[in-house]
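Values in this document were obtained by computation on a predicted structure and should not be read as measured data. Residue numbers start at 1 and run along the sequence shown.
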Amino acid sequence: MKLNDKRIIAWATALALILISSFGASPLQAQQLSPRRSAEMELNGKKISVDYGSPRMRGRKIMGGLVPYDQVWRTGANRATHFTTEADLIIGNVTVPKGTYTLFTLPSQKGWKLIINKRTGQWGIPYTADDEKQELARIDMKVETLSAPLEEFTISLEKAGDGGILKLEWETTRASVTFKEKK
């Protein structure tokens, strides 16, 4: 084998290794499948924000499939979803003191519940008995059907009257709950 042939084989091998490694699923690439997103708004000069992982449908059945009914869902992907408020709020009919919380949901075919948990910093799953002990509240959510499927899981905070609406949207489902500043 000539020197040029050995160089060609070495370059081809190196190129093949680079291509093979680029198709592997590194943690960074896995997170890019569900990138971090955020939503925020001001309510009476006080910031309210949500930080969450935003998965995509990618041809999968979401509600009742990837997001199972009657089981606590991490409400996003990867790290747990965090909700921070600089104001004391009333969400639904529950008082939520200013601070940072983790949001989970309990989807079912009959309705959804928003779970506000005092424990923060955890990965999104599993939801344990210890997590359940840290719940501040389970709040009923309004559920609607979207007119067209939404590929990307989205959380939004929107101004509404003297308060706001927290919306979770994915596939053809919107679950929402109203909130206002506690006076």
When rounded to the nearest 0.5 angstrom, what is the spacing between CG in L89 and CG in L166?
10.5 Å
Can you name the residues that form a salt bridge (Lys or Arg N to Asp or Glu O under 4.0 Å) with E169, not counting sequence neighbours?
R174
I'd like to check the ring pair (Phe, Tyr, Trp, His ring centres under 6.0 Å) partners of Y127; sequence neighbours left out, ordered by chain and number.
F104
L103 versus N117: any side-chain heavy-atom pair under 4.5 Å?
no
Hey, does the side chain of R56 reach the backbone of S54 with a donor-acceptor pair shorter than 3.5 angstrom?
yes
Any non-hydrogen side-chain atom of R138 less than 4.5 Å from a side-chain atom of V72?
yes
For R119, salt bridge (Lys or Arg N to Asp or Glu O under 4.0 Å) partners two or more places apart:
D131
Suppose we screen for side-chain hydrogen bond (donor to acceptor under 3.5 Å, both in side chains). Which residues come up paired with T84, at least two apart in sequence or across chains?
T100
Across all chains, not counting sequence neighbours, the salt bridge (Lys or Arg N to Asp or Glu O under 4.0 Å) partners of K159 are none
Under the salt bridge (Lys or Arg N to Asp or Glu O under 4.0 Å) rule, collect the residues that match up with E42, sequence neighbours excluded.
none
For E151, which residues count as a side-chain hydrogen bond (donor to acceptor under 3.5 Å, both in side chains) partner, sequence neighbours excluded?
none
Where at least one partner belongs to residues 96-114, residue pairs that pass salt bridge (Lys or Arg N to Asp or Glu O under 4.0 Å), sequence neighbours excluded
K113-D140
Within a 6.0 Å radius of atom NZ on K180, are there more than 12 heavy atoms belonging to other residues, nucleotides or ligands?
no
Shared-cluster residues of I165, by chain and number - hydrophobic side chains joined below 4.5 Å:
none
Looking at E40 and I48, would you say the former's side chain and the latter's main chain have a donor-acceptor pair under 3.5 Å?
no
Does atom NZ (K133) have a neighbourhood of more than 12 heavy atoms from anything else shown, all under 6.0 Å?
no
Applying side-chain hydrogen bond (donor to acceptor under 3.5 Å, both in side chains), name anything that partners K46, two or more places apart in sequence or on another chain.
E181
OG1 of T178 to CD of E158: how many Å apart, nearest 0.5 Å?
12.5 Å
Of all pairs that satisfy ring pair (Phe, Tyr, Trp, His ring centres under 6.0 Å), the ones with a partner from residues 138-164, not counting sequence neighbours
Y52-F153, W73-F153, F153-W170
Under 4.0 Å between a side-chain nitrogen and a carboxylate oxygen: does that hold for E135 and K118?
no
Any side-chain heavy atom of L106 sitting closer than 4.5 Å to one from I115?
yes
Not counting sequence neighbours, which residues clear side-chain hydrogen bond (donor to acceptor under 3.5 Å, both in side chains) with T81? List them please.
none
In terms of side-chain heavy atoms, does R36 have a donor or acceptor partner in S34 at a distance below 3.5 Å?
no
